[in-house]
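Input: a single structure, listed below in structure tokens.
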Amino acid sequence: MTAMSTTANGDDAVDVSVVIPVHNCRPYLDRCLTSALVQRVRKEIVVVDDGSTDGSAELLDLYAEYHSDSIKVVHAPGGGGGAGGPRNLGIEHATGRYVFFCDADDYLGPEALERMLAIADRNDSDIVLGKIVGHGRRAPQSMFQHNADRAELGDSTVYNSLSCFKLFRRELLERHRIRFGEGMLIGEDILFTAHAYVHAGVISVVADYDCYHLMSRPDGSSIMQQAGSRDPLVWLTMIREPIRLMARHVPPGPLRDHLLRRHFRLDVFAQLGQVFLESDDVRRKDIAREVAALCDEWYTPGVHERLSAIDRQRATALDDIDRLVRLARIENSTVRRRLTGVRWDGDCLVVTGAARLAGITRDDGLAVVLRSRHDSAREVVLPAERKGAEFSVRIDVGELDSGVWDLKVALETEGVIRLGRLGAERDTSVGRPPPRLVGGVAVLPYFTRDNGNLSIDVGGHVVAVPGVARLVRTRWTLGHRLLVDGEVSVAGAVPSASAIRRIVWRERNTGCERTDRVVALAGGGFAARPAVGRLTPGTWDAYLELALGGPPARFRIETGTDAVAPQRRWWAAALLRTVQPYATPGKGRLSAVVRRLTAERLVKKIVR
């Protein structure tokens, strides 16, 4: 092996070593290397050519020649025996404080290493996960819901991501001799990353930026795109070593059960899904036997209670191939659902539709599930009235907490519950029900913008609450206050007196706000005595603010010119103060222009 160039910086000057294994990736190298070169960190790019024959080696040498201060190329006499060996060789040549592994057909976001290094230095992190996005390939999502300075291994989903596309402290890798499995076409990074996780003191997550772009090759030539790359028997054999390695470092207990859950859910019982259906009878028995062997060794009560209902049933049916086949068919069948109606009946929302599992002749129950969008632990399950595949359910919206609730249909078959979002498929006659005030709370059924699914916004969190605040009359009173009389309606109804909160004056240019107390009157009326004479110079727009069960709802106060009091001027502390209430052109909304002039400026203005 020969190194074509070396970094000009000393060891202590390199923050990140980007290790890129290459084997016949010529069409993708420009994009990958460019994405690494533009990173605004002190870096070196260690590229290990694993016996490429498509011109990749020559292109890498050209890059090393033109970027000798950044790119180090190592030529290894390989031949595509997996990425483990080349990555290990890259670690040996790395000098940075941290190492980031990037595949040659993928690429980095322009600020990826800068953001990941910043959170690593701030928290003294051993591992940093940067958000991965897939292009034609599935990417992990559960661990990228929000940034995390310190994600606990046992109280987060970071262990779900066992790919190596992360930032690792190099000293951690060297101290524990953490290396990739060599000679492995699949799973070499699972072994490496599981080993790193169990030794990491601090794990951080960058979730608000697309750090790593996971690409699908158009020709399907990458290892993970090739037929047989996820052969179930090969996978079940491979996963034994990462599980054993993890268990050697994590004693029995809740943490080990939490980590084992990941392996059973994503590595073991996943082989009893679609791939199980596609296998013949002999192969199904072989798969079930291998799964049973792993269960005999590692399946604990703590793992059992952490798994889904279908996986728990699989664990008890490994000697019943027909049962496993039925479970796989239920899991992989499509939830066919259609919304046929949604309407108000008093303060209840009546939802009707039809639902079934494709290819499944019968089910054991149907319900509509309302799940809080921002707290998945909160949900309301409503058993439906049924007639065949058709169903109907009444939702007492007054019982729902403030927030956004997404509607799903739930079908239960043989103890397995399948969920499907409700609303995207609907009859052409189904429209959006009008908003309604229920118990003083604004309730707004709506169809989501992205997929057209049915949701209910209780309190106006994401949907604007419709309402009209109208000025009846204004007049000046003592203290240069503007006496205001008006009326308000929300969703075509009169809000309760307790909902009417205050008048808010907002300066148009600066966003500065001033509030005044409002007296609620019968029938949706309101009165106020705002001290507009005390407003600072500028143009102020008037809003009526109401509490309707969610964020404060504001409505511009509408008016005609006949209801607006005339301009008022007065002297105070050697200043001429002017307040001009007016109705804005077009829609006619209440605003006020406030000015202050000294005597000197007034004279100059008159002279001009």
Side-chain angles (χ1 to χ4, degrees), residues 434-437 440 442 444 459-460 463-570 572 576-597:
R436 179 165 292 194
L437 281 181
L444 305 100
V463 180
V465 179
V468 177
R470 184 175 293 107
L471 197 65
V472 175
R473 63 173 179 168
T474 59
R475 57 194 183 279
W476 290 105
T477 187
L478 297 176
H480 306 295
R481 290 178 175 271
L482 192 65
L483 193 60
V484 173
D485 292 319
E487 55 190 16
V488 61
S489 64
V490 176
V494 175
S496 64
S498 61
I500 304 174
R501 300 282 299 278
R502 57 188 183 177
I503 284 182
V504 178
W505 294 89
R506 193 172 193 273
E507 208 286 313
R508 193 174 295 173
N509 296 315
T510 65
C512 179
E513 293 186 352
R514 182 186 176 106
T515 61
D516 286 287
R517 189 174 65 89
V518 170
V519 176
L521 305 175
F526 65 90
R529 298 175 62 247
V532 291
R534 299 178 185 175
L535 297 177
T536 57
T539 301
W540 296 80
D541 299 322
Y543 298 81
L544 185 67
E545 185 175 283
L546 284 79
L548 300 171
R554 289 182 178 181
F555 306 108
R556 278 288 264 130
I557 298 178
E558 300 180 3
T559 184
T561 55
D562 56 341
V564 179
Q567 173 182 280
R568 170 165 284 201
R569 292 182 174 181
W570 69 96
L576 178 63
R577 301 172 185 262
T578 304
V579 179
Q580 175 67 67
Y582 71 99
T584 60
K587 293 185 177 180
R589 292 169 170 173
L590 178 63
S591 296
V593 175
V594 179
R595 299 186 180 91
R596 292 180 184 177
L597 288 175

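Fair warning: this is a prediction, and the values are worked out from it, not measured in the lab. Position 1 is the first residue of the sequence; numbering continues from there.
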Worksheet item: Has the side chain of W505 got a donor or acceptor atom that lies under 3.5 Å from a matching backbone atom of A531?
Response: no
Item to complete: List in chain and number order the residues that pass side-chain contact (heavy atoms from CB on, under 4.5 Å) with R508, two or more places apart in sequence or in another chain; answer none if no residue qualifies.
Response: T539, D541, Y582, T584, S591
Response to the item:
Scanning both residues in full, the closest heavy-atom pair of P466 with P435 reads CG-CG, 3.6 Å
Practice prompt. Could you tell me whether a side-chain N or O of R556 sits under 3.5 Å from a main-chain N or O of A542, the two making a donor and an acceptor?
Written response: yes
Worksheet item: If only atom types and distance count, is the side chain of T474 paired as donor or acceptor with the main-chain N or O of A565 below 3.5 Å?
Response: yes
Practice prompt. Please list all pairs passing the salt bridge (Lys or Arg N to Asp or Glu O under 4.0 Å) test where one or both residues lie in residues 476-485, with sequence neighbours left out.
Written response: R473-D485, R475-D485
Practice prompt. Show the numbers, then the answer: is there a side chain to side chain contact (heavy atoms under 4.5 Å, CB included) between L576 and R569?
Written response: CA-CA 7 Å; L576 178 63; R569 292 182 174 181; 4.2 Å; yes
Fill in: Side-chain (R436) to main-chain (A491) donor-acceptor, under 3.5 angstrom
no
Item to complete: Look up atom CZ in R506 and atom CD in E513, then write down how far apart they are to the nearest 0.5 Å.
Response: 5.5 Å
Worksheet, complete the sentence: For G588 and A583 the tightest heavy-atom approach is CA-CB, 4.4 Å
Discussion item. Could you walk me through whether V532 and V594 satisfy the side chain to side chain contact (heavy atoms under 4.5 Å, CB included) test, starting with their C-alpha distance in whole Å, then the side-chain angles of each, then the deciding distance to 0.1 Å, before giving a yes or no?
Written reply: CA-CA 8 Å; V532 291; V594 179; 5.7 Å; no
Worksheet item: For the side chain to side chain contact (heavy atoms under 4.5 Å, CB included) test, which of L521, L544, V519 pairs with I500?
Response: L544
Worksheet entry | Listed once per pair and sorted, the ring pair (Phe, Tyr, Trp, His ring centres under 6.0 Å) pairs that draw on residues 480-503, sequence neighbours left out | H480-W570
Practice prompt. Write down the atom of L444, the atom of A464, and the distance for their closest heavy-atom approach.
Written response: CD2-O, 3.4 Å
Worksheet entry | Approximate separation, where rounding is to 0.5 Å, of R589 CZ and F555 CZ | 11.5 Å
Worksheet item: If you take all heavy atoms of V564 and G560, which pair is closest and at what distance?
Response: CG2-O, 3.4 Å
Item to complete: Measure the CG-CG distance between L437 and L546 for me, rounded to the nearest 0.5 Å.
Response: 9.0 Å
Fill in: Residue that, paired with W540, satisfies side chain to side chain contact (heavy atoms under 4.5 Å, CB included) out of V579, L535, V504, V593
L535
Worksheet entry | Gap between atom CH2 of W476 and atom CG of L482 - 0.5 Å precision | 5.0 Å
Discussion item. Quick check: do P495 and F526 have side-chain heavy atoms less than 4.5 Å from each other?
Written reply: no
Worksheet entry | Least distance between heavy atoms, E507 atom then G538 atom | OE2-CA, 3.5 Å
Worksheet item: Which value, rounded to the nearest 0.5 Å, describes the distance between R470 atom CZ and E558 atom CD?
Response: 6.0 Å
Worksheet entry | Rounded distance [0.5 Å steps], CZ in R517 versus CD1 in I503 | 11.5 Å
